[in-house]
2 protein chains.
Amino acid sequence: MLGPTELRRLATYSRRTRHCAGETLAVESDEVMGYANVTSGTVKLSRVLRDGRQQLVGLQFAPDLMGRLFSTESPLSAEAATEVELCRVPKEVMEALVLSSDRLKLRLLDQSLKDLDEAREWMVTLGRKSAIERVASVLLLVATRMGGADAQGDIVVELPIGRADMADFLGLTLETVSRQMSRLRHEGVISVQGHRCVVIHDIDALKGRTG
Amino acid sequence: MLGPTELRRLATYSRRTRHCAGETLAVESDEVMGYANVTSGTVKLSRVLRDGRQQLVGLQFAPDLMGRLFSTESPLSAEAATEVELCRVPKEVMEALVLSSDRLKLRLLDQSLKDLDEAREWMVTLGRKSAIERVASVLLLVATRMGGADAQGDIVVELPIGRADMADFLGLTLETVSRQMSRLRHEGVISVQGHRCVVIHDIDALKGRTG
DNA sequence: GGGCGTCCTTGATCTCGATCAAACCAGCCG
DNA sequence: CGGCTGGTTTGATCGAGATCAAGGACGCCC
């Protein structure tokens with residue numbers, strides 16, 4: 001992807017860091033965060049209103065690239081949802097590299113376009129879908145990014161976030177999320193093992209439920 | 001912004017077009033649309049669910065740049081909200097120019113980052129705000145992009161979209177939008193002249209109502 | 001393995017916004 | 001000017017999801 005010169009500079013200046021679930025990664029201040037590649041785990045991006053209402057605005061899975069060039073006007077915060085491994089690059093290094101590397105510019109453009117598509121997709125979910133459609137939508141999203149098949153051919157996912165975060169992602173309350181999960185369970189679409197682990201028995205039914 | 005070579009090529013291949021309110025600009029198929037600079041007027045970007053539910057995912061004002069590089073997975077449609085003037089560039093020309101021009105790459109990155117910020121901002125509105133906060137939020141958005149001051153120092157805006165579109169942008173029904181507009185009117189925050197024209201008397205009160 | 005804290009589920013009730021229905025108004029054209 | 005039409009306002013009722021309140025399950029640590 002990048003040329004040898006860029007790779008060398010990246011290798012020189014980047015640092016791998018490891019963070020446990022719940023740790024704040026403080027993206028909003030570019031100074032602290034710079035840029036980071038998620039190399040394993042899942043990161044939650046969120047915004048909060050003055051009175052404390054919270055909205056998750058994105059989930060970043062490996063190998064997504066996080067961070068913003070040339071300052072950001074919207075104060076996002078980032079938190080490790082699961083145990084996370086990052087490959088961090090200081091802001092100045094990244095900006096210098098970006099200015100000198102075409103590849104990197106395109107990679108960054110590509111990532112931001114992908115994030116934009118996801119954000120707009122989610123706007124439809126938040127603006128127009130019912131509670132059960134929203135819950136089906138997250139499950140499908142997570143299954144798409146993290147799901148693996150088991151012996152029966154069912155899709156198994158370890159949810160990176162709990163019910164409260166699902167609620168904040170979906171614009172619902174955690175009680176409503178829980179109720180809709182139960183509903184999908186009673187319908188036989190999914191089953192749940194120990195709160196965090198979801199087995200999807202009928203992926204097409206789940207897709208049908210996403211609206 | 002761009003060098004003389006790029007400007008010449010742009011001038012050669014770009015075409016100015018004019019569209020009346022309601023006209024479909026069909027962005028979803030890159031072939032047809034290519035890229036376009038909005039030089040005057042306002043464009044609505046929307047997505048619809050299979051059953052017809054619709055969500056506006058963005059408004060593009062002059063001088064925003066519209067369009068996507070290297071294909072898009074999410075089917076957006078674009079429609080002229082008001083009378084619109086575009087400066088269109090065919091997809092292949094734009095892509096070739098982008099590959100050869102650093103300036104243009106950065107301009108494109110900048111636009112997509114701006115769009116991303118707006119989309120995420122709007123996710124908070126859709127996920128966590130009450131009806132009146134949402135209505136106050138659009139009014140503020142439109143006033144910020146299009147508003148002008150009158151003799152009394154009030155801000156006057158000609159709304160680019162009607163109640164139905166506001167509802168689709170806000171994830172509400174048009175009746176609810178109308179009721180909240182009336183509420184802001186009775187509170188003396190705004191007044192309305194002939195459906196489309198809004199006068200904002202107390203911009204701070206309006207900001208306070210955005211949540 | 002048992003106890004405890006946290007997260008999740010389920011139930012009862014309330015509320016905001018949706019839905020259904022009817023007037024109302026602005027702009028337009030004859 | 002007056003009637004028509006499409007968009008808007010307002011009213012009455014309904015319902016999905018929020019809120020309030022227990023109860024239950026998981027998992028962790030001793």
(message) From CZ of B/R128 over to P of C/dC16, roughly how many Å is that when rounded to an integer?
(response) 16 Å
(message) Go nucleotide by nucleotide along DNA chain D from the 5' end; which of A/S130 and B/E175 gets its closest nucleotide reached first?
(response) B/E175
(request) Ignoring backbone atoms, test whether A/S178 places a side-chain nitrogen or oxygen under 4.0 Å from the OP1 or OP2 oxygen of C/dT9. (result) yes
(request) Give a yes-or-no answer on whether the side chains of A/S46 and A/Q54 include a donor-acceptor pair shorter than 3.5 Å. (result) yes
(message) I want to check one thing: is the phosphate of D/dA18, taken as OP1 and OP2, less than 4.0 Å away from some side-chain N or O of A/T173?
(response) yes
(request) Using a 4.0 Å heavy-atom cut-off across all strands, classify A/L174 as base, sugar-phosphate, or nothing. (result) nothing
(message) At 4.0 Å (heavy atoms only), tell me whether A/S182 reaches a base, stays on the sugar-phosphate, or touches nothing.
(response) sugar-phosphate
(message) Tell me the interatomic distance from A/L159, atom CG, to C/dC8, atom P, rounded to whole angstroms.
(response) 9 Å
(message) I'd like to know if B/Q180 reaches the base of C/dC16 with its side chain, counting only an N/O donor and acceptor under 3.5 Å.
(response) no
(message) Let me spell it out: for each of A/H195 and A/K129, pick the nucleotide of DNA chain D with the closest heavy atom. Which residue's pick is nearer the 5' end?
(response) A/K129
(request) Give the rounded distance in Å between these two atoms: CD of A/E158 and C1' of D/dC26. (result) 13 Å
(request) Taking A/D150 for its side chain and A/Q152 for its backbone only, find out whether a donor-acceptor pair lies under 3.5 Å. (result) yes
(message) For B/I203, run the side-chain contact (heavy atoms from CB on, under 4.5 Å) check against B/T144, B/D154, B/V189, B/I155 and tell me which one passes.
(response) B/I155
(request) Record whether the side chain of A/R183 comes under 3.5 Å of the base of C/dT10 through a donor-acceptor pair of N or O atoms. (result) no
(request) State, without any angle test, whether B/S137 and B/R134 hold a side-chain donor-acceptor pair at a distance under 3.5 Å. (result) no
(request) For A/Q193 and D/dC26, give me the distance from atom CD to atom C1', rounded to whole Å. (result) 13 Å
(request) Would you check if the side chain of B/R15 reaches a backbone N or O of B/R88 as a donor-acceptor pair within less than 3.5 Å? (result) no
(request) Tell me what B/R185 touches on the nucleic acid: a base, only sugar-phosphate, or nothing, going by heavy atoms under 4.0 Å. (result) sugar-phosphate
(request) Whole angstrom is fine here: how far is it from CE in A/M181 over to C1' in C/dC8? (result) 10 Å
(message) Measure CG/A/D168 against P/D/dG17 and give the value in whole Å, please.
(response) 17 Å
(request) Round to a whole Å and report the spacing from CZ of A/R179 to C1' of D/dA18. (result) 9 Å
(request) Starting from P on D/dG17, measure out to CZ on A/R134 and report it in whole angstrom. (result) 7 Å
(message) Given the structure, check if the side chain of B/R196 and the base of D/dG7 hold any donor-acceptor pair shorter than 3.5 Å.
(response) no
